[in-house]
Amino acid sequence: MLLFFFMVATTSKESDPTVKVTSPEGVKTSDMTPYKQRSEIDFMYVGKPINPARARKYEEMGMEYLLFMDNVAQSTPDDLYSINAIRRWKLDKFESKPDNMRKPITDVITCIKADKGAPSGIIFDIRKELQEIDALKVAYAVRDNSNI
Amino acid sequence: MAKRDIPEINAGSMADIAFLLLIFFLVTTTMDKDQAYLRDIPKKIEVVITEPVKVEERNICAIRANDQNQLMVRKEVMSNPDDISERIVEWFTTNEKVNDVTNNFPLYSRISMDQINAGLSAADADLAATENTPNVSNDMIMYKEKVVQEWAAKKQALALYGKKNLPEIHFQAHIRIEVQKGTDYELFAKIQSEVEEALFTVRDNAAKQIFNESYGVIKRRYSLDEKGEDKAKLDLLKFLYPDRIIEVTPKR
């Protein structure tokens with residue numbers, strides 16, 4: 001019984017980010033589950049690194065908040081956290097899908113899960129990169145605190 | 001005839017297997033749903049705009065936040081971000097019934113069915129004329145088709161609205177979110193949340209008046225079953241209170 005409950009009620013994790021993300025709260029959100037089931041959504045994280053040594057290292061470089069994207073092919077660890085990697089990551093993900101199964105890149109959602117304290121400038125930097133490659137749907141992740 | 005023995009299956013390990021599976025699902029899955037606000041990024045255009053489009057101040061519902069996380073809604077400083085949604089609702093509804101040019105809220109136009117029909121046939125004729133013109137660009141045809149679709153949408157909306165006139169907010173009226181680079185994401189998300197709440201409130205009020213049911217109910221039913229008349233209902237509500245949101249890229 002328990003087994004079946006867990007099989008039905010839960011969804012699989014998309015990735016385990018190495019940055020810490022505490023989402024802010026909001027009401028009247030839209031549910032991303034249908035998009036996830038059709039894999040029309042890519043997740044991106046903005047937060048401070050969990051590893052304290054790395055957090056210090058990047059802070060010295062003037063980067064308090066870092067990006068984390070899953071499945072970045074062939075990139076150095078430094079590259080992984082830079083704005084420049086977004087385009088390649090997004091295009092790689094798009095091209096790795098078979099032709100007949102993928103939607104046009106304009107319809108693929110990029111869901112940004114950012115930490116409460118992250119500066120909004122990062123969000124707009126990401127938006128600019130997405131605009132360059134015509135991925136025109138973006139979603140700002142929040143925790144829904146309305147009781148419905 | 002002797003009854004044949006049915007060999008017994010050893011079920012002793014089944015519990016172990018089920019337990020193992022249970023642990024597997026416990027570890028690899030999460031309960032929480034991903035909730036987010038969907039927004040569109042404007043398409044990149046190559047055309048250089050020499051002169052910016054003039055928009056009347058009454059048509060802009062500007063929500064500004066600076067890097068000190070201080071808020072301003074329509075040039076008025078606000079201390080409590082929870083009040084933003086009320087201001088947006090006010091911005092939407094003040095001139096909805098009667099236009100008052102003296103206040104600073106967007107004006108509504110009200111068109112009757114006859115006007116819509118006239119507009120629709122004019123747009124149709126225009127489309128046909130454009131298609132028959134030699135060497136016309138594809139973009140032009142697409143644009144004219146869009147005009148026809150807009151009129152058809154208005155016709156459908158008014159038929160469903162069930163009143164004499166269809167109120168339409170000024171086509172330039174929009175909600176504008178201006179933040180600075182240093183604004184916390186928490187406040188940015190709060191503004192998005194308030195915008196969404198305001199849109200829900202105004203659409204919910206209209207849904208209760210016109211259809212006698214709540215906006216949330218219609219939306220949920222539509223998400224379960226995309227056929228039926230719910231799409232037209234949602235289109236009408238969206239037409240009355242459009243979610244035109246501009247997120248201005250911060251310069252500093």
Side-chain angles (χ1 to χ4, degrees), chain A residues 2-7 9-14 22-36 41 43 46 65 106 109-128 130-146 148, chain B residues 17-45 65 67 69 85 177-201 204 215-216 219-220 223 247-252:
Chain A
L2 262 176
L3 174 61
F4 284 114
F5 169 74
F6 276 102
M7 284 172 72
T10 61
T11 53
S12 61
K13 286 178 191 165
E14 65 278 353
T22 319
S23 289
E25 292 186 349
V27 294
K28 309 293 178 211
T29 52
S30 6
D31 188 7
M32 293 294 122
T33 315
Y35 303 104
K36 262 167 93 177
I41 188 164
F43 287 90
V46 181
Y65 286 91
T106 19
I109 300 168
T110 311
C111 186
I112 303 170
K113 289 190 174 180
D115 191 75
K116 274 181 183 180
S120 303
I122 292 185
I123 309 288
F124 283 91
D125 289 346
I126 296 170
R127 275 172 60 107
K128 192 154 172 287
L130 293 175
Q131 193 183 37
E132 293 289 333
I133 57 164
D134 251 9
L136 298 177
K137 283 220 155 106
V138 67
Y140 309 121
V142 292
R143 203 150 37 91
D144 198 320
N145 62 356
S146 55
I148 42 157
Chain B
I17 294 167
F19 186 67
L20 220 65
L21 273 172
L22 174 64
I23 300 293
F24 171 75
F25 276 101
L26 267 175
V27 172
T28 59
T29 60
T30 80
M31 272 288 265
D32 49 281
K33 283 182 185 163
D34 287 305
Q35 304 281 350
Y37 297 117
L38 274 175
R39 294 282 177 269
D40 289 331
I41 304 172
K43 197 171 162 55
K44 201 183 175 187
I45 46 167
D67 50 9
N69 295 327
S85 66
I177 299 171
E178 289 176 45
V179 292
Q180 292 187 341
K181 279 188 177 166
T183 310
D184 281 353
Y185 178 67
E186 188 176 17
L187 184 61
F188 180 69
K190 180 71 189 169
I191 294 172
Q192 299 281 1
S193 164
E194 290 293 315
V195 169
E196 211 71 25
E197 195 185 343
L199 281 169
F200 187 91
T201 312
D204 192 40
Y215 178 53
K219 242 168 78 169
R220 212 168 307 141
S223 70
E247 292 154 284
V248 183
T249 308
K251 290 203 175 64
R252 61 200 165 89

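A, B, ... follow the sequence lines: proteins, then strands. Residue 1 opens every chain. Side chains are part of it too, since the values below use all heavy atoms of this structure and drop only hydrogens, waters and symmetry mates.
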Item to complete: With a 4.5 Å cut-off on heavy-atom pairs, point out which of B:I23, B:L21, B:T183 contacts chain A the most.
Response: B:T183

Worksheet entry | Any side-chain heavy-atom pair of B:D40 and A:K137 under 4.5 Å | yes

Fill in: Proximal component of B:V195, with respect to chain A [non-hydrogen, under 4.5 Å]
neither

Response to the item:
For B:Y37 and A:V142 the tightest heavy-atom approach is CE1-CG2, 3.7 Å

Item to complete: List for me each residue that meets side-chain contact (heavy atoms from CB on, under 4.5 Å) alongside A:Y35, sequence neighbours excluded, and say none if there are none.
Response: A:M32, A:R38, A:E40, A:I41, A:I109, B:L38

Fill in: Most chain B-contacting option - heavy-atom pairs closer than 4.5 Å, from A:V138, A:L130, A:I112
A:V138

Discussion item. Within this structure, what is the CD1-CZ distance for the pair A:I123 and B:F188, rounded to the nearest 0.5 Å?
Written reply: 6.5 Å

Worksheet, complete the sentence: chain B shares the most heavy-atom pairs under 4.5 Å, among A:G26, A:G121, A:S30, A:P24, with A:S30

Item to complete: Return yes if some donor-acceptor pair links the side-chain N/O of A:T29 with the main-chain N/O of B:A36 below 3.5 Å, else return no.
Response: no

Fill in: Interface moiety of B:F200 toward chain A, non-hydrogen atoms closer than 4.5 Å
side chain

Item to complete: Taking all heavy atoms of B:T249 and all of A:F124, pick out the closest pair and write down the distance.
Response: CA-CD2, 3.7 Å

Practice prompt. State, yes or no, whether a side-chain contact exists between B:D34 and A:K113 at a heavy-atom distance under 4.5 Å.
Written response: yes

Fill in: Partners meeting salt bridge (Lys or Arg N to Asp or Glu O under 4.0 Å) with B:K190 (sequence neighbours left out)
B:D82, B:E194

Worksheet item: Got a second to check how far A:I122's CD1 is from B:Y185's OH, nearest 0.5 Å?
Response: 11.5 Å

Worksheet item: Hey, does the side chain of A:S120 reach the backbone of B:K181 with a donor-acceptor pair shorter than 3.5 angstrom?
Response: no

Item to complete: Measure A:D134 against the heavy atoms of chain B and call it side chain, backbone, both or neither at under 4.5 Å.
Response: side chain

Worksheet item: Using non-hydrogen atoms only, which part of B:Q192 is less than 4.5 Å away from chain A: side chain, backbone, both, or neither?
Response: side chain

Discussion item. If I compare all heavy atoms of A:K28 with all of B:E196, which pair ends up nearest, and what's the gap?
Written reply: O-CG, 3.1 Å

Worksheet item: Got B:E247 and A:R127 here, is their nearest side-chain heavy-atom distance under 4.5 Å?
Response: yes

Worksheet item: Which atom pair, heavy atoms only, marks the closest approach of A:L136 to B:P42?
Response: CD2-O, 3.8 Å

Fill in: Donor-acceptor side-chain pairing of A:Y140 and B:Q35 below 3.5 angstrom
no

Worksheet item: Counting distance only, does the side-chain N/O of B:S193 pair as donor-acceptor with the main-chain N or O of A:V27 below 3.5 Å?
Response: yes

Discussion item. Looking at chain B, which one of A:P119, A:S23, A:C111 has the largest number of heavy-atom pairs inside 4.5 Å, strictly under?
Written reply: A:P119

